[in-house]
Visitor: 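For reference, the structure I am asking about is given below.
Numbered from 1 within each chain, the chains take letters A, B, ... in sequence-line order. Just so it is clear, the values below take in all heavy atoms, side chains as well, and ignore hydrogens, waters and symmetry mates.
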Amino acid sequence: MTASISDHLLAWYDKHARALPWRLPPGAPLPDDPAWPYRVWLSEVMLQQTTVAAVKPYFEKFTALWPDVTALAAAPDDAVMAAWAGLGYYSRARNLMKCAREVAVRGGFPTTEAELRQLPGLGDYAAAAIAAIAFGQRAVVVDANVERVTARLFAITDPLPGARKAIRAATAGITPATRAGDFAQAMMDLGAQTCTTRSPRCLLCPLRAHCRAHAAGAPERLPVKPAKKPVPERSGTAFWITRQGGAEVWLVTRPGKGMLGGMRALPDDGWSARADGSGMVPLAGDWRELGAVRHGFTHAQLTLRVMALDTDSPPPGEGQWRPVSQIEDAGLATLFAKAARLALAGG
DNA sequence: GATGCGTGGAA
DNA sequence: TTTCCAAGCAT
């Protein structure tokens, strides 16, 4: 009997699995500890559309501040948003808090894929991944790595996203009844390190002999992706408003939805991914132009002009004065952290 | 099904 | 410098 694809892959994973802070050694028994599913869940949310290298320090920070789901559920919103600052996709942090509070109320994470799927911030991928990795259940885990590996293994040439159904079916066909969590992580390790997007290292691949795309040549062409639309260019203005000769700066909290939603920020002129800002200053005074910062979003490229004013007048609207000396700890998203650095450098 | 939503690193 | 994109989810 020829060893199956999953057998080959698991044997490779037993030797070559990456050691990660949220991961058990291959084949290790699942800990009987409520912090275990918490750590798996936290890592899965952080890893959505985000690299392992970027996640590591945030995972360490979160687990040190909030070692279990009860602690995270009890944390104030602004503390969690500030801790997430810089990691991006801030709706994840908002859903993280919602999810933690639901889980704390019900006394722990549900253990089935279907129940996990109902929690805020958990989609098809994360629900399957947590069911398999945290609870040892057989689930079909399909992320972008698995999509790539499977599309190549079976030479699925239909373009995404239409090919997803076939890719899921093919992945289901090779997912083992046991060790589904290790299998999923093995597929992801293989996709991240060996079966890479641009230059797959087929000579190192444990599945080379099973791979139809390798046999056909040019595996790097799969999966076929749709063309990307051009990213619009936008401009806006942020306002560095200080008092007491620059000792304190006026910060606002952005609305709970939309870009950088729920994050502490510099006030601005209403720019968005859809439209430029008004360029209007929020209060009269002797403004100084400090320059501009550039920042790329997924769906817009922004030039943010930064203007400064030291004043005794309270700015309009909600906000708070924060010590400039602690601006690095204020929990600003990267865009506004850039603007703050420009202001502190004096323009 | 298409769109909106961050960031930093690699090529 | 520019382009691409990495363990997706919500609407």
Side-chain angles (χ1 to χ4, degrees), chain A residues 18 20-23 39-59 81 84-96 98-99 116-130 132-134 139 141-149 159-165 171 181 183-193 195-199 220 223 225-234 254-263 265 272-275 293-302 304 332-338:
Chain A
R18 285 179 290 179
L20 300 172
W22 47 84
R23 179 183 279 185
R39 291 168 68 87
V40 173
W41 163 74
L42 180 63
S43 69
E44 288 302 337
V45 174
M46 287 184 166
L47 285 161
Q48 290 164 10
Q49 298 287 282
T50 309
T51 57
V52 164
V55 165
K56 276 182 180 172
Y58 285 86
F59 182 82
M81 297 310 291
W84 197 277
L87 196 55
Y89 286 133
Y90 297 99
S91 66
R92 292 185 296 170
R94 303 194 297 271
N95 285 328
L96 194 78
K98 282 186 202 167
C99 184
L116 288 161
R117 181 67 179 80
Q118 298 306 310
L119 291 171
L122 302 187
D124 291 341
Y125 161 74
I130 296 167
I133 297 168
V141 180
V142 184
D143 75 326
N145 286 305
V146 177
E147 260 177 16
R148 185 167 60 253
V149 172
L160 296 174
R164 294 233 157 87
K165 190 172 178 182
T171 305
F183 176 79
Q185 293 177 94
M187 290 284 279
M188 292 190 275
D189 276 16
L190 190 70
Q193 299 185 297
C195 194
T196 55
T197 304
R198 289 174 172 146
S199 302
E220 70 279 1
K225 296 182 181 179
K228 292 214 162 75
K229 294 199 299 189
V231 173
E233 190 75 31
R234 298 290 179 226
R254 295 175 63 83
K257 295 182 178 182
M259 290 193 75
L260 311 175
M263 295 297 289
S272 73
R274 290 183 170 278
V293 297
R294 292 271 295 165
H295 192 73
F297 295 96
T298 308
H299 51 298
Q301 176 74 36
L302 177 69
L304 186 69
L332 297 178
T334 300
L335 168 64
F336 291 110
K338 285 183 185 176

Visitor: Identify, with sequence neighbours excluded, every residue that meets side chain to side chain donor-acceptor pair (under 3.5 Å) alongside Arg23(A).
Guide: Tyr13(A), Gln185(A), Asp189(A)
Visitor: Tell me, please, which residues at least two apart from Tyr89(A) pass ring-ring contact (aromatic ring centres under 6.0 Å, His included).
Guide: none
Visitor: Does the Lys225(A) side chain pair with the main chain of Leu160(A), one donor and one acceptor, at a distance under 3.5 Å?
Guide: no
Visitor: Calculate the interatomic distance between Leu20(A) atom CG and dA6(C) atom P; express it in whole Å.
Guide: 17 Å
Visitor: Using a heavy-atom cut-off of 4.0 Å across all strands, would you classify Arg23(A) as base, sugar-phosphate, or nothing?
Guide: base
Visitor: Does this structure show an ion pair linking Arg92(A) with Glu44(A), if we count only N-O contacts that are shorter than 4.0 Å?
Guide: no
Visitor: Describe the nucleic acid contact of Ala53(A) in one word from base, sugar-phosphate, nothing, applying a heavy-atom distance below 4.0 Å.
Guide: nothing
Visitor: Can you list the residues that meet the side chain to side chain contact (heavy atoms under 4.5 Å, CB included) rule with Pro255(A), with sequence neighbours excluded?
Guide: none
Visitor: Using heavy-atom distances to pick each residue's nearest nucleotide on DNA chain C, tell me which of Trp22(A) and Arg198(A) is more 5'.
Guide: Arg198(A)
Visitor: NA contact type, Ser43(A), heavy-atom cut-off 4.0 Å: base, sugar-phosphate, or nothing?
Guide: nothing
Visitor: Any base atoms under 4.0 Å from Ala144(A), or only sugar-phosphate, or nothing? Heavy atoms, all strands.
Guide: sugar-phosphate
Visitor: Please list, for nucleotides 2-5 of chain B, all pairs of protein and nucleotide N/O atoms separated by less than 3.5 Å.
Guide:
unit_1, atom_1, unit_2, atom_2, d
dT3(B), OP1, Lys229(A), NZ, 3.3
dG4(B), OP1, Arg274(A), NH2, 3.0
dC5(B), OP2, His299(A), NE2, 2.5
dC5(B), O5', His299(A), NE2, 3.4

Visitor: Would you say Thr51(A) places a side-chain N or O within less than 4.0 Å of OP1 or OP2 belonging to dC5(C)?
Guide: no
Visitor: Tell me if the CZ atom of Arg274(A) is crowded by more than 12 foreign heavy atoms within 6.0 Å.
Guide: no
Visitor: Can you tell me how far P of dC4(C) sits from CD of Glu220(A), to the nearest Å?
Guide: 17 Å
Visitor: In whole Å, I'd like the distance from the CD1 atom of Ile130(A) to the P atom of dG8(C).
Guide: 13 Å
Visitor: Give the nucleotide from the list dC4(C), dA10(C), dG6(B) with an atom nearest to the side chain of Arg117(A).
Guide: dA10(C)
Visitor: For the pair made of CG in Leu160(A) and C1' in dC5(C), what is the distance, rounded to whole Å?
Guide: 14 Å
Visitor: Which residues pass the salt bridge (Lys or Arg N to Asp or Glu O under 4.0 Å) test with Glu147(A), sequence neighbours left out?
Guide: Arg164(A)
Visitor: Checking Tyr58(A) now: which residues fulfil side chain to side chain contact (heavy atoms under 4.5 Å, CB included) with it, not counting sequence neighbours?
Guide: Met46(A), Lys61(A), Leu87(A)
Visitor: Which is true for Arg18(A) with a 4.0 Å heavy-atom rule: it touches a base, it touches only sugar-phosphate, or it touches nothing?
Guide: base
Visitor: Can you tell me how far C1' of dA10(C) sits from NZ of Lys98(A), to the nearest Å?
Guide: 9 Å
Visitor: Checking contacts here: which listed nucleotide (dA10(B), dA6(C), dT7(B)) is nearest the side-chain heavy atoms of Phe297(A)?
Guide: dT7(B)
Visitor: Within the pair Lys228(A) and dC5(C), is there a side-chain N or O less than 4.0 Å away from OP1 or OP2?
Guide: yes
Visitor: Let me know the distance between CD of Gln301(A) and P of dG8(B), rounded to the nearest Å.
Guide: 13 Å
Visitor: Contact class for Trp84(A) (heavy atom, under 4.0 Å): base, sugar-phosphate, or nothing?
Guide: nothing
Visitor: 5'-most contact on DNA chain C: Asn95(A) or Val52(A), nearest heavy atom basis?
Guide: Val52(A)
Visitor: So what does Lys225(A) hit on the nucleic acid, given a heavy-atom distance under 4.0 Å: a base, only sugar-phosphate, or nothing?
Guide: sugar-phosphate
Visitor: Remember a base hit wins even if backbone is also touched, and classify Ala126(A) as base, sugar-phosphate or nothing at under 4.0 Å, heavy atoms.
Guide: sugar-phosphate
Visitor: How close or far is atom C1' of dG8(C) from atom CE of Met46(A), stated in whole angstroms?
Guide: 15 Å
Visitor: Measure the distance from CG on Leu87(A) to C1' on dG9(B) and round it to the nearest whole Å.
Guide: 14 Å
Visitor: Under 3.5 Å, is there an N or O donor on one side and an acceptor on the other linking the side chain of Thr50(A) and the base of dG6(B)?
Guide: yes
